[in-house]
Each structure stands twice: as C-alpha cells, then as structure tokens.
Chemist: 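Take a look at this one; I'll ask things after.
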Amino acid sequence: MTSSDIVWPRHTERLTLRPATAPDIARMLTYRNDPEVIRWLIKTTVDPEVFTQKWLEAADDPYDHSCVAFAGDVQVGSGMLEVIDGMAQGDAPEGTRVEGMLGYILDPAHAGHGYATEMSRNLLSLAFDDLGLRRVTAGCFADNHASRRILEKLGMRLEQYGVQDSWHAEVGWIDGCTYAILREEWLALREGQ
Ligand SMILES: CC(C)(COP(=O)(O)OP(=O)(O)OC[C@H]1O[C@@H](n2cnc3c(N)ncnc32)[C@H](O)[C@@H]1OP(=O)(O)O)[C@@H](O)C(=O)NCCC(=O)NCCS
C-alpha cells in the first residue's frame, strides 16, 4: 500500500483521527504553545503561520501522516508520524531505507485518559500495517515519564539513553531517550493479543 491509499478518518475505540483542516488549527496552537506542553518538546514556541502551513500541507505530503484526534466532537490532541530516511548505505533493499518517527501531544485538558496511547497505537498500525514500514522510532526527554510510559505501553524498546544529549531551553543539557520497534515485533505483539 502507498501513502496515498491511506484512508482517513481512522477510528480507535474512543477516538477519530484525521489530517488537520483550517478550523482545527486555533485549538491546536493553544495547547501546542501551553508552557506545560512546550516544556517537553524540542521545538519550543511555534510561529502560528509556519505551524498552520506545515499542518495544512501535511494532508498532501506522502511522507507526513500527522493527524488530529477527536473524542466525539472534541479535539483532544494531535499525533505525528513522519517517514524519514534511516541510516543506510547505497544497497539497502528497495523500500526498507525509510523509517517512521512517532510523536504526540495531548491538550492538557484531556490528558490522563489513555488517549495518547490509543492514538499512537493506531499510528503504529498505520506505519506497519498500512505503509509496511520496517521500523518506527520516538524520542523524548528522559524526565518525560508520561511519554516514556506511553512508548513502553506500545511495546517500544529503549534503544538509547543519551546522557546530556538534549538541550532544554530552561535547564540546559539534559538526558534524552530514543525508543524503537520493528515491524516483526509489532506483528508478534498483535499476534500475542
Ligand atoms: C505525554 C502526554 C502525551 C501524555 O498524554 P496522555 O493522554 O495523558 O497519555 P496516556 O494516558 O495515554 O498514558 C500516559 C501514561 O503515563 C503515566 N504517567 C503520567 N504521568 C506520569 C509521571 N509523571 N510519571 C510516571 N508515569 C506517568 C500515566 O499513568 C499513563 O500510564 P498508565 O496507563 O500505565 O497509567 C501528554 O501529557 C502531553 O502531550 N505532554 C506534553 C507533550 C509531550 O510530552 N509530548 C511527547 C513529547 S516526546
């Protein structure tokens, strides 16, 4: 399946996921620029115009499968799944060179209900079952325990604990984590369910 075959909206038990449209952006910007959210992100405050353009263009970008999540009519957060180049010398088998990079942001008003895990699990399914990617990674500050818990619940493996590898605008160089999961691990997890 190619990225243009992805069918939106996608549904989880409680959420509807779909690409962002213009009316979604104001709400997204509000929680994206909340200091409690910024605290945990690599990119701090975002320029509203750049943010809007990136999200609206994502809908037509075959390498960007980012989405907004709704519980009923209420926007609760957004998820990012970008297809990026993996490390590869010239002779990597066709289609295996790229990998997925996962991210998520919940509106703090709707955090604590398992929504980020539910949305991210669906994005992993998109990555592996729909796009057939080989590997998906995700990174976070080591002190972001909620994010690390999500990645663990998803069955992702801690592959790198980087000592003071991440710059934080308020506290300086701090530790960061990279998690990953392979397609065969995802399939085995699903089979074991
Ligand atoms: C991190 C974030 C996505 C969590 O969203 P959420 O919808 O509350 O996540 P979920 O409910 O699916 O799962 C969170 C898990 O972390 C746990 N958790 C929350 N805070 C925690 C903490 N301080 N320490 C340890 N575990 C914590 C929860 O109990 C839950 O685990 P459980 O299901 O085993 O109880 C949300 O708070 C957020 O958007 N934060 C700011 C942006 C961000 O950090 N994005 C990720 C950048 S890498």
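Counting begins at 1 with the first residue of the sequence. Whatever order the structure lists ligands and atoms in, that order sets their numbers, starting from 1.
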Chemist: Thr117 and side chain to side chain contact (heavy atoms under 4.5 Å, CB included): which single residue from Ile150, Asn122, Thr12 fits?
Modeler: Ile150

Chemist: As an exercise, identify every atom of ligand 1 less than 4.0 angstrom from a heavy atom of Cys140.
Modeler: 48 (S)

Chemist: What atoms in ligand 1 come closer than 4.0 Å to a heavy atom of Ser147?
Modeler: 46 (C), 48 (S)

Chemist: Could you list the atoms of ligand 1 found under 4.0 angstrom from a heavy atom of Ala116?
Modeler: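 Ligand 1 atoms under the 4.0 Å threshold to Ala116: 3 (C), 5 (O), 6 (P), 7 (O), 9 (O), 12 (O).
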
Chemist: Between Trp173 and Asp165, do the side chains contain an N or O donor and an N or O acceptor separated by less than 3.5 Å?
Modeler: no

Chemist: For ligand 1, which atoms sit closer than 4.0 Å to a heavy atom of Tyr115?
Modeler: 7 (O), 12 (O)

Chemist: Specify the protein heavy atom at minimum distance from atom 19 (C) of ligand 1: its residue, its atom name, and the distance to 0.1 Å.
Modeler: Ala146 CB, 3.4 Å

Chemist: Is the shortest N/O to N/O distance between Asn144 and ligand 1 below 3.5 Å?
Modeler: yes

Chemist: Counting heavy atoms only, name the option from Leu151, Leu106, Ile38, Val37 that's nearest to atom 41 (C) of ligand 1.
Modeler: Val37

Chemist: Are the charged groups of Arg18 and Asp24 less than 4.0 angstrom apart, N to O?
Modeler: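 Salt bridge flag = yes for Asp24 with Arg18.
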
Chemist: When you compare ligand 1 with Gly114, is there at least one nitrogen or oxygen pair between them that comes in under 3.5 angstrom?
Modeler: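 It does: an N or O of Gly114 is found under 3.5 Å from an N or O of ligand 1.
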
Chemist: If you count the atoms of ligand 1 from 1 in the order shown, which ones are under 4.0 Å from a heavy atom of Trp40?
Modeler: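 It comes down to these atoms of ligand 1: 43 (C), 44 (O), 47 (C).
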
Chemist: Between the side chains of Glu159 and Thr178, is a donor N or O closer than 3.5 angstrom to an acceptor N or O?
Modeler: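 Thr178 and Glu159 do not have a side-chain donor-acceptor pair below 3.5 Å.
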
Chemist: Do we see a donor-acceptor contact under 3.5 Å between the side chains of Gln75 and Tyr31?
Modeler: yes

Chemist: Which one holds for Ile150 and ligand 1: side chain close, backbone close, both close, or neither close, with close meaning a heavy atom under 4.0 Å?
Modeler: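 Answer for Ile150: side chain.
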
Chemist: Return the closest protein heavy atom for atom 45 (N) of ligand 1 as residue, atom name and distance.
Modeler: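 Checking every protein heavy atom, the shortest distance to atom 45 (N) of ligand 1 gives Tyr104 O, 2.9 Å.
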
Chemist: Of the listed options (Lys153, Arg121, His110, Arg149), which comes nearest to atom 17 (C) of ligand 1 when hydrogens are ignored and any heavy atom counts?
Modeler: Arg149

Chemist: Indicate whether atom 30 (C) of ligand 1 is within a distance of less than 4.0 angstrom of some protein heavy atom.
Modeler: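 Protein heavy atoms within 4.0 Å of atom 30 (C) of ligand 1 - there is at least one.
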
Chemist: For Asp130, is there an ion pair with Arg10 - N to carboxylate O distance below 4.0 angstrom?
Modeler: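 A salt bridge links Arg10 with Asp130.
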
Chemist: Only heavy atoms of Gly139, strictly under 4.0 Å: list the atoms of ligand 1 that pass.
Modeler: 48 (S)

Chemist: What protein heavy atom lies closest to atom 26 (N) of ligand 1? Include the residue and the distance to one decimal.
Modeler: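 Protein heavy atom with the smallest distance to atom 26 (N) of ligand 1: His145 O, 4.0 Å.
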
Chemist: Could you find the nearest protein heavy atom to atom 8 (O) of ligand 1 and give me its residue, atom name and distance?
Modeler: Gly112 N, 2.6 Å

Chemist: Can you run down the salt bridge (Lys or Arg N to Asp or Glu O under 4.0 Å) pairs that involve residues 169-180, sequence neighbours left out, and say none if there aren't any?
Modeler: none

Chemist: Is Asp129 salt-bridged to Arg190, cutoff N-O under 4.0 Å?
Modeler: yes

Chemist: Nearest 0.5 Å, what's the CH2-CG distance between Trp186 and Leu154?
Modeler: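 Output value for this atom pair is 7.5 Å.
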
Chemist: Salt bridge check: are Asp64 and Lys54 linked by an N-O gap of less than 4.0 Å?
Modeler: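 Lys54 and Asp64: salt-bridged.
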
Chemist: In ligand 1, which numbered atoms sit nearer than 4.0 Å to a non-hydrogen atom of Thr117?
Modeler: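 With Thr117 as reference, the close atoms of ligand 1 come out as 10 (P), 12 (O), 13 (O).
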
Chemist: Please indicate, with yes or no, if any protein heavy atom is found under 4.0 Å from atom 33 (O) of ligand 1?
Modeler: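 Neighbour list for atom 33 (O) of ligand 1 includes protein heavy atoms (cut-off 4.0 Å).
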
Chemist: Whether Arg157 and Glu185 form a salt bridge (side-chain N of Lys/Arg under 4.0 Å from carboxylate O of Asp/Glu) is what I want to check.
Modeler: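 The answer is yes: the pair qualifies as a salt bridge.
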
Chemist: Pairing donors with acceptors under 3.5 angstrom, does anything connect the side chains of Tyr104 and Ser147?
Modeler: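 There is such a pair (donor and acceptor under 3.5 Å, judged by atom type) between the side chains of Tyr104 and Ser147.
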
Chemist: Do Ala111 and ligand 1 have an N or O pair less than 3.5 Å apart?
Modeler: no

